Q: 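Please see the structure below; I have some questions.
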Amino acid sequence: VSALPVRVMPLRDGRSLFVNDAGGFFASGYATLERLSDGDLSIEDTNFLRSRGHLIAEDDALGAAAYARGIAERLAFAGPLDYLILVPTLRCNLACSYCQVSRVSEKSSGFDWTDETLAAVLGVIDGLTVDRVKIEFQGGEPTLRPDLIRAVIERCSRFSRCEFVVCTNLQRLDAEILSIFDRPDVFISTSLDGNAATHGRHRTGSETRTGAFLDNLALVTSRYGPSKVSALPTIDPGAPPEIDDLINAYVEHGFESIFLRPINFQGFARKRHANAREQDGEWRSYYERFVRRLIKRNWSDRSRVLEETYLSVGLRRVFRPGADRHVDLRNPNAMGHDYIVVDHDGTVYPTDEARMLARSGVIDLSIGTVLDGWAGETRDLLTRHATNQFDPACQRCAWQPFCGRDLVDDLARYGRIDLPRHETAFCRRHMHLFDLIFDLIYSDDPAVRYSLARWLRLPGTPASFGEVLQ
Amino acid sequence: MIPLVRPAAADAEAPYVARLRSAANDLGADDALLIEEDAVGTAFAGRNGVVAIDGLASSDLDGDVVLVQPLTARVERLLRAGSSHNTLLVTERCDQLCVMCSQPPKKTHVDRFDLLEQACLLATPGALIGVSGGEPTLYKDRLLSMLEHVLRERDDLQFHVLSNGQHFEDEDVARLSDPVYRRVSWGIPIYATDPDLHDLIVGKAGAFALLEASFARLTKARARVELRTVVLNGNVEALPDLARYVAARLRFVEAWSIMQLEHIGFARGRWREQFVDHRRHFAPIAAALDLAALHGVRAQLFNFPRCTVPDAYRRYAIASISDWKRKYAGACGGCRERQACSGFFEWHPDEEAELMVRPL
């Protein structure tokens, strides 16, 4: 009999959690831990460990094959380019205090795609080898150039399925923009920080502008229903909104998913929110109280299921290897292969955060231009390091199979990527996220199990989510 | 019930395959053209002479690929043109003896591979052809060469082969890794994670061990597998455990079909002993479906009429029964979910079917 390498992590309830390299896991008490470390296993222990892939007997070819496949399944594969993040203009009609890109004022010139850049973007679209594409319009405020949005959308008519997302501040709507939104393949993504006062504080800066935004948000949600519109808050960890106020602001507009993002340490935020470099215990405690509040509300009001988007992403990654659609957490995270960002001047970046870093003057992470291509040394250098597989700290961490690696975040905060993992904000955030997730997984509270089951889109509510070896 | 075998008279002496056509456009070498039709039946003429088929109109038969058997005076409709439920029976021998077998095996084997292969080459474009038995892999080499030959000739076709998964060997891994096998899926049963219980159900000592060994080889070959589990009184309580096993050890499967019992073959005589009335006892099935969904295993319910499944799980109950052997209860006439529903097997007792449904 040969045991597999398992990593052990204490659960908050004092039990031990065992996780294998394929992400399979079980909990046990101290007595079991001793039996395992002494190799003093009962028949029941052996049967359990074998059938769940934690132990492979020498003659167990299926166990060995399943284990190898399980590890492979945890590794994300980047397919051909099918996801473009486009910045047709850097101009914006707002000046949010934590703007993540150094935006320019609406009246500036020279910050929109030139005809040449547009032609090159359309050329990239023509060259895509897939039949489903996703295109996200970022800014600046992309609706300042509806003509460019339209040109891109029209060029995509040959694909069997398209999804277009317009990331907009919804500050101004007119017939031309609405006619774009009316398309069934167009989705709207906007920012909503909470109630009117919170939203006004860092974003609009005036009641009139806040009012215009809220009117427009109400207009698009009533015109299209909430499934076509999504909103994200940006939270100032120094002064987070009251939890129920924030939830209510979302519920009021029919939104059930709330992505609780602290201010990104990028762009303007570096100067105006310098304390955003580290997310401290206070933020994590706020995050956890928020999640537990959602659980309570889901349990007492069954008419809707509220969720925190990132927690659901993490939860799916625990149970479903291959749930890699959220690229920030996939591992390895190949850069500049299946998705790219094209800036207002035609420069290509591997991620939107990389674009922000370049604009802030921290480090130039551009990998090429839309005209001349981007498959070069910088891209390969970034890709080589965009994985947690070979990091010595990650290799000892039980959360490794579920977690990822964010080079650009490390560079933004520390200017380097070789800090010991546990000294980075990324690591602390995800240690907390998965600690919390496993505390919920091993909770006996029916309210917790109910929310977990809904967040995982299960038909019923299982009696337990994680197994225990007694 | 749609008749698959009809009495027929033919000129030829040896069995042959033909495609029946009612119009003379684009005739191929194996096509037989309609020459006469009356109240009794239809007659077609091709390179093997005339065949007269009783009791079916030419509109029913146009495009069908049939096997004409002069000695027994009948035709078998191997591949019906309008159907997506065509299954070829390659042998009636089997090395398992499952307690609920719907088609109890026979000792003798009639080799028809050459004719079946010829029929496949005449299939309508894009067809998915089922292969069943008996146990097809008892003639593994001939089976695989048939699949390979047809798939190389016709890049639009796909196969779904039902097998007991007892005969895949190490040397098959390289062969099954060939790209043509991306168009073959294997439907393979597993009944429980307890080897003794599985062996008892399939009536063969050591079957579970061979099954696991075969699965290991199929994993390595990146084969496409649909796992199948028939619900029985003997294994229903073990379904949640099986779900965890599938999530841990059989993650490579494309789908896991949990199947209700078919009232035919051995199951007919053991109905009281083995049938689980899932309307009253859905909990272990629900738990298995929840665990499968939790771990990203695509599960589905076969032969579960939709109205007999709780709302939350109804989307798993698909129209699984082939058109030619499917029926609905009288009360199903007004049901809005009939199109999406399995209905009942033709041989399900009508009385019981009527009692079971409550139209949605």
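Proteins come first, then strands; the chains are lettered A, B, ... in the order of their sequence lines, and each starts at number 1. What you are looking at is a predicted structure, and each value in this text was computed from that prediction instead of being measured.
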Q: Closest approach of A:Ala65 and B:Ala216, non-hydrogen atoms and distance?
A: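 Where A:Ala65 meets B:Ala216 most closely, the heavy atoms are CB-O, 4.2 Å.
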
Q: When you look at CD of B:Gln339, are more than 12 heavy atoms from neighbouring residues, nucleotides or ligands closer to it than 6.0 Å?
A: no

Q: Would you mind checking which part of A:Arg69 comes under 4.5 Å of any heavy atom in chain B, side chain (CB onward), backbone (N, CA, C, O), both or neither?
A: side chain

Q: Is A:Arg158 atom CZ crowded by more than 12 heavy atoms from other residues, nucleotides or ligands, each under 6.0 Å away?
A: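 Yes, CZ of A:Arg158 has more than 12 neighbouring heavy atoms, counting only those of other groups under 6.0 Å.
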
Q: Is it the case that more than 12 heavy atoms not belonging to A:Asp444 sit under 6.0 Å from its CG atom?
A: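 No, because the 6.0 Å sphere around CG of A:Asp444 holds 12 heavy atoms or fewer from other groups.
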
Q: Between B:Leu294 and A:Phe319, what is the shortest heavy-atom contact and its length?
A: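 In this case the closest contact between B:Leu294 and A:Phe319 is O-CB, 3.2 Å.
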
Q: Within the supplied structure, the quantity of interest is the number of heavy atoms (other residues, nucleotides, ligands) at a distance under 6.0 Å from A:Arg12 CZ; does it exceed 12?
A: yes

Q: Side chain, backbone, both or neither: which part of B:Thr193 has an atom under 4.5 Å from a heavy atom of chain A?
A: neither

Q: Determine the option with the most heavy-atom pairs under 4.5 angstrom with chain B, choosing from A:Ala453, A:Pro321, A:Ala22, A:Gly70.
A: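 If we count pairs closer than 4.5 Å to chain B, A:Pro321 comes out on top.
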
Q: Determine whether more than 12 heavy atoms belonging to other residues, nucleotides or ligands lie under 6.0 Å from atom CZ of A:Arg396.
A: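 No, not enclosed.
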
Q: Does any backbone or side-chain atom of A:Arg457 lie under 4.5 Å from a heavy atom of chain B? Answer side chain, backbone, both or neither.
A: backbone

Q: Measure A:Tyr67 against the heavy atoms of chain B and call it side chain, backbone, both or neither at under 4.5 Å.
A: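 When you check distances to chain B, no heavy atom of A:Tyr67 falls under 4.5 Å.
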
Q: Which of residues 226-245 of chain B get closer than 4.5 angstrom to chain A, counting heavy atoms alone?
A: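 The stretch touches chain A at B:Asp241, B:Arg244, B:Tyr245.
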
Q: Measure distances from B:Leu250 to the heavy atoms of chain A and classify the residue's part below 4.5 Å as side chain, backbone, both or neither.
A: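 Looking at B:Leu250, just its side chain touches chain A.
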
Q: For chain A, which of B:Arg217, B:Arg314, B:Arg315, B:Lys220 has the most heavy-atom pairs under 4.5 Å?
A: B:Arg315

Q: For B:Ala248 and A:Ala66, which heavy atoms make the closest approach, and how far apart are they?
A: O-CB, 4.0 Å

Q: Which heavy-atom pair separates A:Leu62 from B:Thr219 by the least distance, and what is that distance?
A: CD1-OG1, 4.1 Å

Q: Who wins among B:Ala312, B:Gly296, B:Ala293, B:Pro310 for the most heavy-atom pairs under 4.5 Å with chain A?
A: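 Most heavy-atom pairs under 4.5 Å with chain A: B:Ala293.
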
Q: Counting only heavy atoms not in A:Lys296 (residues, nucleotides, ligands), do more than 12 fall under 6.0 Å from its NZ?
A: no

Q: At a 4.5 Å cut-off on heavy atoms, which part of A:Asp60 comes close to chain B: side chain, backbone, both, or neither?
A: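 Just the side chain, heavy atoms under 4.5 Å.
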
